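Sequence lines set the chain letters: A, B, ... in the order given, protein chains first and strands last, and positions in each chain run from 1. Quick caveat, the model's predicted, so the values are computed rather than measured.
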Amino acid sequence: MSSKEVKNLEAIFDTKIARDEKIEPKDWMPEKYRQTHIRQISQHAHSEIVGMLPEGNWITRAPSLRRKVALLAKVQDEAGHGLYLYSACETLGISREELYDQLHTGKAKYSSIFNYPTLTWADIGAIGWLVDGAAIINQVPLCNTSFGPYARAMVRVCKEESFHQRQGYEIMMTLCNGTKEQKDMAQDALNRWWWPSLMMFGPTDDQSTHTEQSMKWKLKRKTNDELRQQFVDQTVPQADILGLKIPDEDLKYNNDTGHYDFGEIDWSEFWQVVKGHGKCNKERIKARKDAWDNGKWVRDAAMAYSEKQKLKKAKQAG
Amino acid sequence: MKKDWPLWEVFVRSKNGLEHRHFGSLHAPDAEMAIKNARDVYTRRKEGVSIWVVESKHIKASNPDDNAEMFDPADDKAYRHPTFYDLPDDVEHM
């Protein structure tokens with residue numbers, strides 16, 4: 001294709017995006033659009049899959065049957081969300097195997113929040129309340145993103161996600177209405193998950209390398225800082241209801257702006273974890289890789305069985 | 001021998017009276033397993049009463065590059081729509 005033809009296609013593409021028309025897998029798209037989407041959708045899928053690990057850790061130790069079925073259902077949803085997103089990503093011409101390979105070799109990233117350990121039962125409450133709360137704020141705008149398969153997957157994800165946050169908040173509520181020891185446990189979980197949750201929105205706008213292009217493609221509808229502010233504003237009153245204290249001395253409602261001002265985020269910690277030096281980076285990838293490698297014989301056996309059945313049917317048909 | 005599970009497209013009828021609609025795709029070794037996986041991946045909350053699966057490679061799709069010649073000819077055929085025909089206002093039931 002000549003560069004003039006590409007320019008022309010690009011112009012048609014830009015008009016479609018500007019008119020809020022969706023881009024579907026077989027439509028022409030700039031190579032950079034394709035690559036950016038593969039990166040973002042796969043990161044998102046990997047986050048769902050790795051996100052099962054810190055919580056799966058607590059399924060056998062859930063304090064009641066009610067808590068256990070809820071946590072099981074939540075972790076199962078996350079597997080489902082990962083699968084919706086992987087198939088959306090595959091429509092861009094990358095195979096599932098390549099995607100897994102990128103995760104297992106560390107080439108692809110996933111949300112850093114999952115590299116923190118889940119030390120007590122209260123962490124399961126804090127994750128549902130804060131981590132899923134932050135994820136919802138990040139994800140809702142994506143239901144309108146320009147790439148059709150991603151937008152459709154996100155509609156399904158968002159529908160299912162709100163139970164995740166509510167079950168987390170209910171766990172926190174129960175602990176906060178319990179003994180002093182239980183309430184302390186809830187406060188300790190909030191102390192440890194608060195700042196990593198704020199980091200989930202990514203670097204500040206002036207440091208974010210992808211924001212401008214992503215806004216243009218409607219892959220992003222609000223900036224990292226706007227979304228982070230929205231999270232703080234809606235979460236602080238929820239902490240008040242629990243009777244817990246947000247671990248930030250600078251947190252204060254600002255009457256002029258109508259928003260909460262909050263303290264400086266420790267970005268050196270963020271980059272440490274992104275670069276692989278978080279508490280659980282190695283453990284998470286190892287657990288994920290082991291699950292995949294140890295399941296290989298099952299996948300192969302299922303495939304062999306399916307081929308045998310096909311042969312048998314062909315023979316019978318004669 | 002490395003053989004990956006093929007990709008399947010999943011269609012779900014959300015309730016009787018409605019058509020099966022494309023829900024997404026998944027990998028499975030065969031059609032039976034594809035239906036079982038589709039049950040777990042796409043209908044965890046009673047989203048459906050019937051599931052179809054078809055191996056993705058069997059779907060032939062039209063090419064969006066041909067959309068003009070495929071679909072534009074319908075543009076100037078307004079006579080296929082009822083509003084094309086002029087009738088007096090007092091004609092009823094038509």
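- Once rounded to the nearest 0.5 Å, the distance linking OG1 of A:T91 with CG of B:L7 reads 10.0 Å.
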- Start with the C-alpha distance between A:K159 and B:E47, add both sets of side-chain angles, then the distance that settles side chain to side chain contact (heavy atoms under 4.5 Å, CB included), and finish with yes or no. CA-CA 12 Å; A:K159 248 191 219 162; B:E47 287 89 342; over 6 Å; no
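- For A:R221, the CZ atom counts as densely surrounded, since its 6.0 Å shell holds more than 12 non-hydrogen atoms of other residues, nucleotides or ligands.
- Around the CZ atom of A:R61, the shell of radius 6.0 Å holds more than 12 heavy atoms that belong to other residues, nucleotides or ligands.
- Separation of atoms CZ (B:R44) and CD (A:Q76) is listed at 5.5 Å; rounding is to 0.5 Å.
- Using non-hydrogen atoms only and a strict 4.5 Å limit, no part of residues 33-57 of chain A faces chain B.
- Side-chain atoms of A:Y84 come within 3.5 Å of backbone N or O of B:V41 as a donor-acceptor pair.
- With respect to chain B, the highest number of heavy-atom pairs below 4.5 Å among A:E160, A:Q309, A:E24 belongs to A:E160.
- The shortest side-chain heavy-atom distance between A:S87 and B:E9 does not fall under the 4.5 Å cut-off.
- One finds no salt bridge joining A:K308 and B:D30 here, because no Lys/Arg side-chain nitrogen approaches an Asp/Glu carboxylate oxygen to under 4.0 Å.
- Note: B:M33 CE to A:Y305 OH = 10.5 Å, rounded to the nearest 0.5 Å.
- In this structure, A:W292 places its CH2 atom where more than 12 heavy-atom neighbours from other residues, nucleotides or ligands lie under 6.0 Å away.
- When the heavy atoms of residues 10-18 of chain A are compared with those of chain B, none of the residues falls under 4.5 Å.
- More than 12 heavy atoms of other residues, nucleotides or ligands shown are found within 6.0 angstrom of NZ on B:K77.
- With B:F23 as the aromatic partner, A:R156 meets the cation-pi criteria of under 6.0 angstrom to the ring centre and within 45 degrees of the ring axis.
- Across B:P29 and A:S306, no two heavy atoms sit closer than the pair O-OG, 3.1 Å.
- Using a 4.5 Å cut-off between heavy atoms, B:E32 makes no contact with chain A at all.
- In this structure, the portion of B:S62 lying under 4.5 Å from any heavy atom of chain A is its backbone and not its side chain.
- In this structure, the side chains of A:E90 and B:H27 come closer than 4.5 Å at one or more pairs of heavy atoms.
- Of all heavy-atom pairs spanning A:K26 and B:N63, the tightest one is CE-CA, 4.5 Å.
- Heavy atoms of other residues, nucleotides or ligands lying less than 6.0 angstrom from CZ of A:R66 number 12 at most.
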